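Report on the structure given below.
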2 protein chains.
Amino acid sequence: MSEKPYTISQVAKMLGVSPSTVSRAMNNAPGVSDSVRKQILEFVDEIGYRPNTVAQSLSRGRSNMVALILGDIRNPFYADLAFGIQKALDTKGFIVTTFNSEYDYKKEKQFIQFAEQYNYSGIILVTVNSEEADKYLGHLDIPVLLVNRITKHYNGPLIVTDNFQAGYIAARHLINLGHKRIGFLAGQNKSSSASSQRFQGFQQALNNYQLDYHADYCLYDLDWRMNTGYQAAESIFSTPRETKQRPSAFLIANDLLALGFMNYCGEHGIRIPDDISIVSFDDIAYSSLHQIQLTTVSQHVETMSKEAADLMLQLLTDPPKEPKRVIIEPTLIVRNTTQHYQEP
Amino acid sequence: MSEKPYTISQVAKMLGVSPSTVSRAMNNAPGVSDSVRKQILEFVDEIGYRPNTVAQSLSRGRSNMVALILGDIRNPFYADLAFGIQKALDTKGFIVTTFNSEYDYKKEKQFIQFAEQYNYSGIILVTVNSEEADKYLGHLDIPVLLVNRITKHYNGPLIVTDNFQAGYIAARHLINLGHKRIGFLAGQNKSSSASSQRFQGFQQALNNYQLDYHADYCLYDLDWRMNTGYQAAESIFSTPRETKQRPSAFLIANDLLALGFMNYCGEHGIRIPDDISIVSFDDIAYSSLHQIQLTTVSQHVETMSKEAADLMLQLLTDPPKEPKRVIIEPTLIVRNTTQHYQEP
DNA sequence: CTGAAAGCGCTAACAG
DNA sequence: CTGTTAGCGCTTTCAG
């Protein structure tokens, strides 16, 4: 592994052919006789020659690197997504670099520029919604695939969960259980269409079932971290309020927040679901633990990553003229953090 | 963002200077008058010219990409590690690509070759221990930094937790609590020095305190997934055995396995810590939840990632002749899954 | 201090 | 079918 790697012209010389022939043979491009091709391929394999991809990239004007830009790899939902995408693309000879925008659209933009500068050949983007992004997303030099986000003006390829429906069925579940005072711990609605659409689904459900939406049952603009969920619970339960005035159930924008929320409740003797029901979104692995048993809405991350990989592959090989848009049906997974409303 | 990017010669032409001068100015290399340099820098900034990094990479023979090869990004411990390293290196102008070896040394090797082929300028490696790796790790063309693994013959730069000590203090904690029959759910000892050293620490502690090591209290070669921990518990508790013959406590090779183990226990009415004490390793975020409260040994992943990033940076800029090796002290975090041994 | 020229390793017309 | 010739965009001697 230590000797200087061969170059294509060295290989060509050894074989007594020209570099172009070697190149053609290796890229199975037409214009090489089968016998010569075979010979080259075997030889190359034997001596372990591998083309320098940087040179290829420069020469071709494109690489086989794909950028995956997402919020934070420490969120298990994203870790799953990244893992799936990466695994699928690896086997096709693409390598994917993951960037953590930390939900900051400036960082996101930097990464996008990075990707262009580095001749990345595609970007899979869980975008931080912003007016700016909405403007340029459609006109990047390289193919973009939006994942789990949607923006007003972008109409390129896309793959999302129906987050409106996710919010709707989550809320309906609670309503079915007899809850009337339902709060919502919202994510960063401005920067996440997923979050805002879940919120809208929630409101729609309230509306359909003639329930009031109380702004003061809700918390807004929470970042997606566990600790923030903890603090949210703290602020909710430490402000004195008649029990009857307090929501009996909460929708929580993602599992991480919900876990933090439950953590606070556990520490302070607030029983779930006896005192309060909660349902959230994502269905990360930890939500299914017996000790947790979180009722949540699955986004089917496995499907999502598979579709994302497939779609990106398609964009890279033969881009369809009609951008493909795939929508995933969310599924409510009822576990143990929700129960029938009981008069306090 | 859509117009074709400028090339260095275009920029040079616009300024009426030569490409080399622009290059020198931008890399603050000597040989440009301050006034010209300033002018160039300003102009470049204004029009937003950014050098094509692929071309740079080819020309220089090295890039500013660093590969991070680890087992599985879905393990929160690795997600934390990756996040920390990436964040630290990003700000220094390096981009890091994460590869999931899935604990398979063949994949690992592939990724290493990949990295060389792509002109990566450094590799941060949580290696899958293997004889093969041990041979070539020292002689790669590019700087390597081993993280949380150690091999027999490799003596390059390194950063590890003292995993022997980790195993030792974990076991001692249990022994202090009066446990005498202690089992171990081992990870993949052959491919993970972290795992095997924890195991050795455990055995040493037993030895020091005159306790017997029972091979049949132990399970070996578990992969690191939650579900495997679940199955381990299943196999342990479903084989009939006198309670007095059963371990009263377990060391478990990492938190993920432990979580799976606890999951099974929860589902089957096995109370922790009343019926069985457990302590594991990593201290991932989910272990600290009130509903979990796992006693575990922290590897201080934050320190680890910071050190790793610093060390890699050093290797890339001015490699010291003596390879630096840093060892991190593990810390036992006592929570709620361990208690005094009680006669059954 | 500055510019011209060669070259990094590969691909892609263009000839034969 | 095969080889020759230019580049891709940048860095880096080497002259001036």
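What you see is a predicted model, and the numbers here were worked out from it, not measured in a lab. Note: hydrogens, waters and symmetry copies are ignored here, and every other heavy atom, side chains too, is used. Chain A is the first sequence line, chain B the second, and so forth, proteins listed ahead of strands; every chain is numbered from 1.
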[atom1] of [X] versus [atom2] of [N]: gap in Å, rounded?
X	N	atom1	atom2	answer
B:Lys13	C:dT2	NZ	P	20 Å
B:Asn27	D:dC10	CG	C1'	9 Å
A:Asn119	D:dC10	CG	P	10 Å
A:Leu58	D:dC10	CG	P	9 Å
A:Arg62	D:dG9	CZ	P	15 Å
A:Ile8	D:dT4	CD1	P	14 Å
A:Leu15	D:dT2	CG	P	12 Å
A:Arg60	C:dC10	CZ	P	11 Å

Under 4.0 Å: is that the gap between some side-chain N or O of A:Ser18 and OP1 or OP2 of D:dG3?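 For D:dG3, OP1/OP2 do have a side-chain N/O of A:Ser18 under 4.0 Å.
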
Would you say A:Thr21 reaches D:dG3's phosphate, i.e. side-chain N/O to OP1/OP2 under 4.0 Å? yes

Donor-acceptor side-chain pairing of [X] and [Y] below 3.5 angstrom:
X	Y	answer
A:Asn148	A:Gln299	yes
B:Glu108	B:Ser101	no
B:Thr21	B:Ser18	yes
B:Tyr118	B:Thr97	no

Carboxylate-amine/guanidinium proximity below 4.0 Å for A:Arg50 and B:Glu116: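 The answer is no: the pair does not qualify as a salt bridge.
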
Would one find more than 12 heavy atoms of other residues, nucleotides or ligands at under 6.0 Å from atom [atom1] of [X]?
X	atom1	answer
B:Asp34	CG	no
A:Glu302	CD	no
A:Ile47	CD1	yes

Select base, sugar-phosphate, or nothing to describe what B:Thr7 touches, counting heavy atoms under 4.0 Å on all strands. sugar-phosphate

Using nucleotides 14-16 of chain C, report all nitrogen or oxygen pairs with the protein that are shorter than 3.5 Å.
none

Give me the residues of residues 30-53 of chain A where at least one heavy atom lies under 4.0 Å from an atom of DNA chain D, by number, or none. A:Gly31, A:Val32, A:Ser33, A:Val36

With A:Leu146 as reference, evaluate A:Leu158, A:Ile159, A:Ile123 under the side chain to side chain contact (heavy atoms under 4.5 Å, CB included) test and give the passing residue. A:Leu158

Report yes or no: is there a donor-acceptor pair, N or O only, under 3.5 Å between the side chain of A:Ser59 and the base of D:dG7?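 When only heavy-atom distances are counted, A:Ser59 does reach the base of D:dG7 through a donor-acceptor pair under 3.5 Å.
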
Suppose we call a contact any N or O donor and acceptor under 3.5 Å apart; does that hold for the side chain of B:Ser20 and the base of C:dA4? yes

Options C:dG3, C:dT11, D:dT11, nucleotide nearest the side-chain atoms of A:Gln56: C:dT11

